[in-house]
Peer 1: 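Mind having a look at this structure? Questions to follow.
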Amino acid sequence: MIQVTSLIGTMQTVGDESRMPVVDPATAEEIGSVPVGDAADVDRAVAIASEAFPVWSGASTHDRAAVLHALADAIEANRDELADLESRDQGKPLSLARDLEIPRAAANLRFFADAIRQENGDFFDLGSQGINYTLRRPRGVAGCISPWNLPLYLFTWKIAPALATGNTVVAKPSEVTPLSAHRFSELASRAGLPPGVLNVVQGRGDTVGARIVEHPDVPTITFTGGTSTGEWIARTAAPMFKRLSLELGGKNPIIVCEDADLEAAMPTIVRACFQNQGEICTCGSRILVHRERIKAFMARFLECVSALKVGDPLDEETDMGPLVSADHRDKVEAAVARAVAEGGTLACGGGRPSTLPDRVRDGFFLEPTVLMGLDQSCATNQEEIFGPVVTVQGFDTHGEAVTRANATGYGLACSIWTRDLDRAHRMAARIESGMTWVNSWMLRDLRTPFGGMKHSGVGREGGAEALRFFTEPRSITIAHAGS
Ligand code: NAD
C-alpha cells in the first residue's frame, strides 16, 4: 500500500487529516491513500510560499536553473518508479508513462531552466531623448492546478516555468491521481529546491482548488481541466484581477482529404483518437473524411482499431488501459448510449471488453468505439466525451469540412491530412483552433504556443508565452540629460 504521509509537499505535515483512497483503475483495488487538505492548508501553504518568494525570486537565473536541472536528473533517475506510479494511478500503459510522459516531465524542467538563461530583455533606443528597457519580474505565488489525464507531465508543464521565472508555487494535482505529484515534491526537496518554494497541497477541487483561486495572495492562476471548472475559476478570479491561463476541453476534428496517404496516416490517426484511452485534451474525437475516400478509410481504420490491444497496462504489448475511474467510465458509457439514442450506429466497440487477463478483470475498461451516422449538431458531436469514442462523418467540399470542423463551442486542436500543401495552408488558416497539425498529431516543440481558443481556453502556455505569463513587465524610461 502506498501511504502518502505529507499533506503539503515540501513541508512535512502531521495531524488528524482525513484521507482519501487511491484506486488502481486496472484492478479496481485500493492501492494506497493520501491526506485530504482543506482551505486552512492552502492558507498555510500560501503563507509559506509568500515567505520564500523574496529569496527564490532574488536567486540568480543560474542558480534557479541548476536546481531545476537537478530535479530533472532526479526524475530521470527515478523514471521507472514514477512511470509505475503513474500507470497504477491513472491506468495508462506503463510503456507510455515510461517512454513518453515521465521523460517529458524532466524535459519540461530542463527546457525552462535553459530558457531563462537564454532570454534577452527588451531595450528601446529613444534617440536623443533617452532609452527604455523592460524588467520582467516574477509575480509572486503562482497557483498551479492540474487534471488527472497526464498527471506529472502537465503538473511540471506549469510548475517548471513558474519556478524558472522566480515565482514560488502552491500546486494542486488532481485528487484522482495524486501519487506522482507527491513523489515529485519529495524529489524536489532532495534536489535542493529551498523549503517553501514548491508547496503541493493534496485535496479536492471544490476545497483546495477553490481556495487557491480565491486566495488574495495568489495573483497568478494556471489551470488545466474541464471547461465548466474553468468558467467558475474565471468568474471567481476576475474581480481580483488575477492573471489566468485556462487550458480547457476540446472536441477536436481530424480532417481526411481525398488525397491523404491513408496507409501512412493511419497509425497516427489511430493514436490521435485512442492514445491514453482517448483521455488527452488534444485527442481527435470527430473524424471528417472526404466522401470519395470514406469507404477505403473506414475499412482500414476499423481494421487498425480492432487490432488495438486493450488490457493490462503493465503488459508491454498493451495499447489501451482502463479509463481513469468507475465514475468516468459510467460517464463515457452514458455518452455512447446517448449517441445511439441520437441515431448513431456503432461501427465498432461500444461495450466492455469480453476477455481480459485475470489480474485486471475488474478494471474500468471500455472498447475503442467508433460511431457513424451522426449529424454535426447532435450532442455527441458537440460535447467533450474524453474517452475512447470517435465519430466519423463524410464531407463533399473542403469548405464544408472547415465549416463542420468549426461548428462546436471548442477550439483546441485539429489535424488535417492531405498531400496538397497549398490546400493545407488554406484550410489551417481557417480552422478555429489553437493548434493545427498537418499530416501529424502532437508533433510538439516546447517553444511553440500551446492552448485553445473559444471554450477551449484563455491564454497560451509553452516557450516565450509561459515566460511572459509568469512575469510582470515593468517599462523603465530614462531621459538623456538635457533632452
Ligand atoms: P476538472 O476540471 O474536474 O479538474 C481539474 C483540476 O481542477 C483538478 O485538480 C480538480 O481538483 C480541480 N478543480 C475542480 N474544481 C475546482 C474549483 N472549483 N476550483 C479550483 N480547482 C478545481 O478536470 P479533470 O476531469 O481533472 O480533467 C479533464 C478535463 O481536462 C477535460 O475536459 C480535458 O479536456 C481537460 N484538459 C485540458 C487540457 C488542455 O491543455 N487544454 C489538457 C488536459 C486536460
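Ligands are counted one by one from 1 in listed order, and the atoms in each one are counted from 1 as well.
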Peer 1: Check for a donor-acceptor pair, side chain of Asn167 on one end and backbone N or O of Phe470 on the other, with a separation under 3.5 Å.
Peer 2: yes
Peer 1: Between the candidates Cys281, Pro178, Ala237, which shows the shortest non-hydrogen contact distance to atom 36 (N) of ligand 1?
Peer 2: Cys281
Peer 1: N/O to N/O below 3.5 Å, does that happen between Gly226 and ligand 1?
Peer 2: yes
Peer 1: So between Leu150, Val213, Thr229, Thr227, whose heavy atom ends up nearest atom 16 (C) of ligand 1?
Peer 2: Thr229
Peer 1: In terms of residue, atom name and distance, what is the protein heavy atom nearest to atom 8 (C) of ligand 1?
Peer 2: Ser146 O, 3.3 Å
Peer 1: Do ligand 1 and Lys172 have nitrogen or oxygen atoms that lie under 3.5 Å from each other?
Peer 2: yes
Peer 1: Could you go step by step and tell me if Phe386 and Trp148 meet the ring pair (Phe, Tyr, Trp, His ring centres under 6.0 Å) rule?
Peer 2: CA-CA 12 Å; Phe386 213 53; Trp148 50 255; 5.3 Å; yes
Peer 1: Below 4.0 angstrom, counting only protein heavy atoms, does anything approach atom 4 (O) of ligand 1?
Peer 2: no
Peer 1: For Pro173 and ligand 1, answer yes if some heavy atom of the residue is under 4.0 Å from a ligand atom, otherwise no.
Peer 2: yes
Peer 1: Could you go through Thr227 and Glu384, starting from their C-alpha distance and side-chain angles, then the distance that decides it, and tell me whether this counts as side-chain hydrogen bond (donor to acceptor under 3.5 Å, both in side chains)?
Peer 2: CA-CA 10 Å; Thr227 293; Glu384 185 184 48; 5.8 Å; no
Peer 1: Report the member of Gly452, Gly225, Gly249 with the shortest heavy-atom distance to atom 35 (C) of ligand 1.
Peer 2: Gly225
Peer 1: Taking Glu472 first and then Arg139, would you say they form a salt bridge - that is, a charged N and a carboxylate O separated by under 4.0 Å?
Peer 2: yes
Peer 1: Should Ser146 and Lys172 be marked as a side-chain hydrogen bond (donor to acceptor under 3.5 Å, both in side chains) after you check the CA-CA gap, both sets of side-chain angles, and the distance that decides it?
Peer 2: CA-CA 7 Å; Ser146 59; Lys172 193 196 103 53; over 6 Å; no
Peer 1: Give the residue, atom name and distance (to 0.1 Å) of the protein heavy atom nearest atom 26 (O) of ligand 1.
Peer 2: Trp148 CD1, 3.0 Å
Peer 1: Should the pair Arg79-Glu101 be classified as a salt bridge under the 4.0 Å nitrogen-to-oxygen rule?
Peer 2: no
Peer 1: For atom 12 (C) of ligand 1, what is the closest protein heavy atom, and at what distance to 0.1 Å?
Peer 2: Ile145 CG2, 3.7 Å
Peer 1: Under a 4.0 angstrom heavy-atom cut-off, which atoms of ligand 1 come close to Thr224?
Peer 2: 5 (C), 36 (N), 37 (C), 38 (C), 39 (C), 40 (O), 42 (C), 43 (C), 44 (C)
Peer 1: Any nitrogen or oxygen of Ile233, side chain or backbone, less than 3.5 Å from one on ligand 1?
Peer 2: no
Peer 1: Salt bridge check: are Lys92 and Glu86 linked by an N-O gap of less than 4.0 Å?
Peer 2: no
Peer 1: Just let me know how Val176 lines up against ligand 1, side chain, backbone, both or neither, with a heavy-atom cut-off below 4.0 Å.
Peer 2: neither
Peer 1: So between Phe223, Tyr410, Phe155, Trp232, whose heavy atom ends up nearest atom 7 (O) of ligand 1?
Peer 2: Phe223
Peer 1: Take Asn381 and Asp375 through the side-chain contact (heavy atoms from CB on, under 4.5 Å) test and state the conclusion after the steps.
Peer 2: CA-CA 7 Å; Asn381 278 326; Asp375 190 62; 5.9 Å; no
Peer 1: Considering only non-hydrogen protein atoms, determine which one is nearest to atom 13 (N) of ligand 1 and report residue, atom name and distance to 0.1 Å.
Peer 2: Gly205 CA, 3.4 Å
Peer 1: Would Gln376 and Gln393 count as a side-chain hydrogen bond (donor to acceptor under 3.5 Å, both in side chains) here? Give the steps.
Peer 2: CA-CA 8 Å; Gln376 178 47 44; Gln393 304 174 53; 2.9 Å; yes
Peer 1: I need the nearest protein heavy-atom contact for atom 32 (O) of ligand 1: residue, atom name and distance, please.
Peer 2: Glu384 OE1, 2.6 Å
Peer 1: Of the side chain and backbone of Asn149, name the one, both, or neither that has a heavy atom under 4.0 Å from an atom of ligand 1.
Peer 2: side chain
Peer 1: Give the atom numbers and elements of ligand 1 that come within less than 4.0 Å of a heavy atom of Leu154.
Peer 2: 42 (C), 43 (C)
Peer 1: With the threshold set at under 4.0 angstrom, would you say Ala210 reaches ligand 1 through any of its heavy atoms?
Peer 2: yes
Peer 1: Output yes when a side-chain donor or acceptor of Asp319 lies under 3.5 Å from a complementary backbone atom of Lys309, and no otherwise.
Peer 2: yes
Peer 1: Sub-3.5 Å donor-acceptor pair from the side chain of Ser325 to the main-chain atoms of His328, do we have one?
Peer 2: yes
Peer 1: Taking Arg286 for its side chain and Thr391 for its backbone only, find out whether a donor-acceptor pair lies under 3.5 Å.
Peer 2: no
Peer 1: In the protein, which heavy atom is nearest to atom 41 (N) of ligand 1, and how far is it?
Peer 2: Leu248 O, 2.7 Å
Peer 1: Quick one: look up the protein heavy atom nearest atom 21 (N) of ligand 1 and list residue, atom name and how far away it is.
Peer 2: Gly209 CA, 3.5 Å
Peer 1: Distance to 0.1 Å, residue and atom name: give those for the protein heavy atom nearest to atom 11 (O) of ligand 1.
Peer 2: Glu175 OE1, 2.6 Å
Peer 1: Considering residues at least two apart in sequence or located in another chain, which fulfil the side-chain hydrogen bond (donor to acceptor under 3.5 Å, both in side chains) criterion with Asp206?
Peer 2: none
Peer 1: Which ligand 1 atoms, with their elements, are less than 4.0 angstrom from a heavy-atom of Leu412?
Peer 2: 41 (N)
Peer 1: Can you list every pair that meets salt bridge (charged side-chain N to carboxylate O under 4.0 Å, His left out) and has a residue in residues 211-236, with sequence neighbours left out?
Peer 2: Asp43-Arg211, Glu231-Arg235
Peer 1: Say whether Gly457 and ligand 1 are in contact under the criterion: heavy-atom distance to a ligand atom below 4.0 Å.
Peer 2: no
